[in-house]
Every structure is written in structure tokens, then in C-alpha cells.
Number of protein chains: 2
Amino acid sequence: MTDRLSVIFAALADPTRRAILARLAEGEATVTELAEPFDISLPAISRHLKVLETAGLISRSRSAQWRSSRLEAEPLREATAWMDRYRRFWDENFTRLDAHLKRIQEKP
Amino acid sequence: MTDRLSVIFAALADPTRRAILARLAEGEATVTELAEPFDISLPAISRHLKVLETAGLISRSRSAQWRSSRLEAEPLREATAWMDRYRRFWDENFTRLDAHLKRIQEKP
DNA sequence: TAGGTTCTTAACCCACTCGTTAATTAACGG
DNA sequence: CCGTTAATTAACGAGTGGGTTAAGAACCTA
């Protein structure tokens, strides 16, 4: 489980972490701000942030005693890029494109 | 970790399982066929398939003593749908669209 | 019925995850 | 310097994940 994609997907496989990302989509936030909606301890949040940071999904900066987190979407791009290989299996437009390509390939 | 998206992402967070999906993109396959490229036991593969099935990423059928697995891409559609909420954070076209929408909103 | 093939289930290990509380670090303000 | 605020680190427990081997279930063929 050392590869990048696995780390990214594992980070996304937790509802608390996804909620944190959703919050960060609205702008940067400190740890206590991020912790506020949840019924879990600060250390737990701190660890979730560590996981997100390791996955590259957030970056962090500090000013005085506050540590601010910021959304970094690049890993999400990677994840969707991987899933795009399967798009033809669910996307109607892709299915049609597929069929079209096969058709024009049959009559040269 | 009981929600659907978490189960899907967790299923994708393992390289063996992603490789199995890649293989299934080329067509149905039996358990031994799927196990062949890997250096792990058949029971281990069997469990990976269970995880994928629980996530809805594969469906299974049987004929005689063979159990055939088939790719089901619907969960991938769900996962990308979730990530699409963040597309504007990495997609240049989305960034431009965002800017455009803001512009036309400013001058009514 | 017996024996072979395919696959799953059971039982077990070890490592890791997610939560806890308590202690520690770091920076601010009087 | 002292106390407060913000956040992390440490130490622990319960549960889960991914692997193993051994045993069982389901189906075919002779």
C-alpha cells in the first residue's frame, strides 16, 4: 500500500476526512475550526489532517500558534485520471463514441 | 465507515484490487484467471473479490464450478461525481468558467 | 461412488487505523 | 516569567485489513 494512488484513495475512504475537504473547499481553516463540526477530539482531527497532508490533499502553513490548512486538488485529478480509464463503462457518451469508433474501423 | 462512498474508496485503495479491475476491463474472468498474475494465495484473491463485490464494483455469476467476475462501473461514476465538486480546483477550463461566471454576474 | 477441480470459509497472525486521555511544544499577551 | 491558547506527540485499546494454511462445499467426470 505504498503507491501514491492507494494513499490517495485510502485518505478519501473516511467520511470525516471527506467532510474536512468539503470545508476546505470554502477556504483555509485552522485545526480548531475544522474540528468544530465533529464530535471527536482534537488529536483525532490532527491525525486526519496528517493523513490528508501525506496524501497531498492539503498543504499547511503556520502563523503564530495557528496552523492553517489549504485544499490541494492535484491528487483528486490523479484519482479521476485513473478512473477515466473506466469511463466508457458507465458514460453514455463514451459508449456512443466507442460504438462510433468501432463502426468507422469496420469500414475502411 | 459504513457509507457507500467510503466503501468504494476503501475498495480502490488496494493495488491488487485495482489491478483486478483493470483485468476485468478486458472482459469477464474466473477466480484462478484473476489470481494468476499475483503472488498471493487463492483465498486472498477470493477476499479481494468479496470486497469489490460489496463495493458494487463487480458482479459475479457461476456456471458449473467456475465463478465469473464482471466489472460494474457504477460506483466509479459515483466516486467521480463526488470528486467533480472539486474539479474547479484543478481543471483549467473550470477555472476559466468560474472566472467567466463571476464576470457576467458582476455586470447585470 | 470416488476422485479431481474450483472456489470459499475458518482460524489464526501481524500490522495498521481510529479513537481515547495525558503530556508536551510553541507562541501569544499581561 | 506566567498563564492561556493552539496544536502535536505519546501511549494505549479495540477493531479492521490483508496475508497465511487447512478444511469444506459445489460441481464435473469416470
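Below, chain A is the first sequence line, B the second, and so on; all start at residue 1.
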Participant: What distance do B:L52 atom CG and B:R47 atom CZ have between them, rounded to the nearest 0.5 Å?
Facilitator: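 CZ of B:R47 is found 13.5 Å from CG of B:L52.
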
Participant: Classify the nucleic acid contact of A:S41 as base, sugar-phosphate or nothing, counting any heavy atom under 4.0 Å across all strands shown.
Facilitator: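 The answer is base, as A:S41 lies within the cut-off (heavy atoms under 4.0 Å) of a base atom.
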
Participant: When the distance from NZ of B:K50 to C1' of C:dA10 is rounded to whole Å, what number comes out?
Facilitator: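 Between C1' of C:dA10 and NZ of B:K50: 13 Å.
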
Participant: Distance criterion of 3.5 Å, no angle test: do you see the side chain of A:R47 paired donor-to-acceptor with the base of C:dG19?
Facilitator: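 Result: at least one qualifying N/O pair found.
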
Participant: Give a yes or no on whether a salt bridge exists between B:E53 and B:K50, defined as a side-chain N under 4.0 angstrom from a carboxylate O.
Facilitator: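 No, this pair does not count.
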
Participant: Taking the side chain from A:R17 and the backbone from A:A10, do they hold a donor-acceptor pair closer than 3.5 Å?
Facilitator: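 Checked: pair present.
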
Participant: Do B:I20 and B:R23 come close enough that some side-chain heavy atom pair is under 4.5 Å?
Facilitator: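 Answer no - side chains too far apart.
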
Participant: Could you run through nucleotides 22-30 of chain C and give me one letter per nucleotide, 5' to 3': B if any protein heavy atom sits under 4.0 Å from the base, S if only the sugar-phosphate is that close, - if neither?
Facilitator: B---SSS--

Participant: Could you state the CD1-P distance from A:I45 to C:dG19, rounded to the nearest angstrom?
Facilitator: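 Answer to the nearest Å: 8 Å.
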
Participant: Within this structure, what is the CZ-to-C1' distance between B:F9 and C:dT17, rounded to whole angstrom?
Facilitator: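 So the CZ-C1' distance, B:F9 to C:dT17, works out to 18 Å.
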
Participant: Side-chain contact test, heavy atoms from C-beta onward, threshold under 4.5 Å: evaluate it for B:W82 versus A:L76 and give yes or no.
Facilitator: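 They are in side-chain contact.
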
Participant: Looking at B:R18 and A:D3, does any basic side-chain N land under 4.0 Å from a carboxylate oxygen?
Facilitator: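 Looking at B:R18 and A:D3, the cut-off is met.
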
Participant: Write down the distance between CD (B:E28) and P (C:dT6), rounded to a whole number of angstrom.
Facilitator: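 Rounding to the nearest Å, CD of B:E28 and P of C:dT6 are 18 Å apart.
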
Participant: A:E33 has an atom CD; how far is it from atom P of D:dT5, in whole Å?
Facilitator: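 These atoms are roughly 16 Å apart.
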
Participant: How long is the line joining CD1 of B:I20 and C1' of C:dC7, in whole Å?
Facilitator: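 Checked: the CD1 to C1' distance equals 14 Å.
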
Participant: Calculate the interatomic distance between A:F38 atom CZ and C:dC18 atom P; express it in whole Å.
Facilitator: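 My rounded result for the distance is 14 Å.
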
Participant: Does a side-chain heavy-atom distance below 4.5 Å link B:R60 with B:R70?
Facilitator: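 They are not in side-chain contact.
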
Participant: For C:dT17, does OP1 or OP2 lie under 4.0 Å from any side-chain N or O of A:H48?
Facilitator: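 For A:H48, the contact criterion (side-chain N or O under 4.0 Å from OP1 or OP2 of C:dT17) is not met.
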
Participant: Could you give the CG-to-C1' distance, from A:L42 to C:dG19, as a whole number of Å?
Facilitator: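 Result: 13 Å.
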
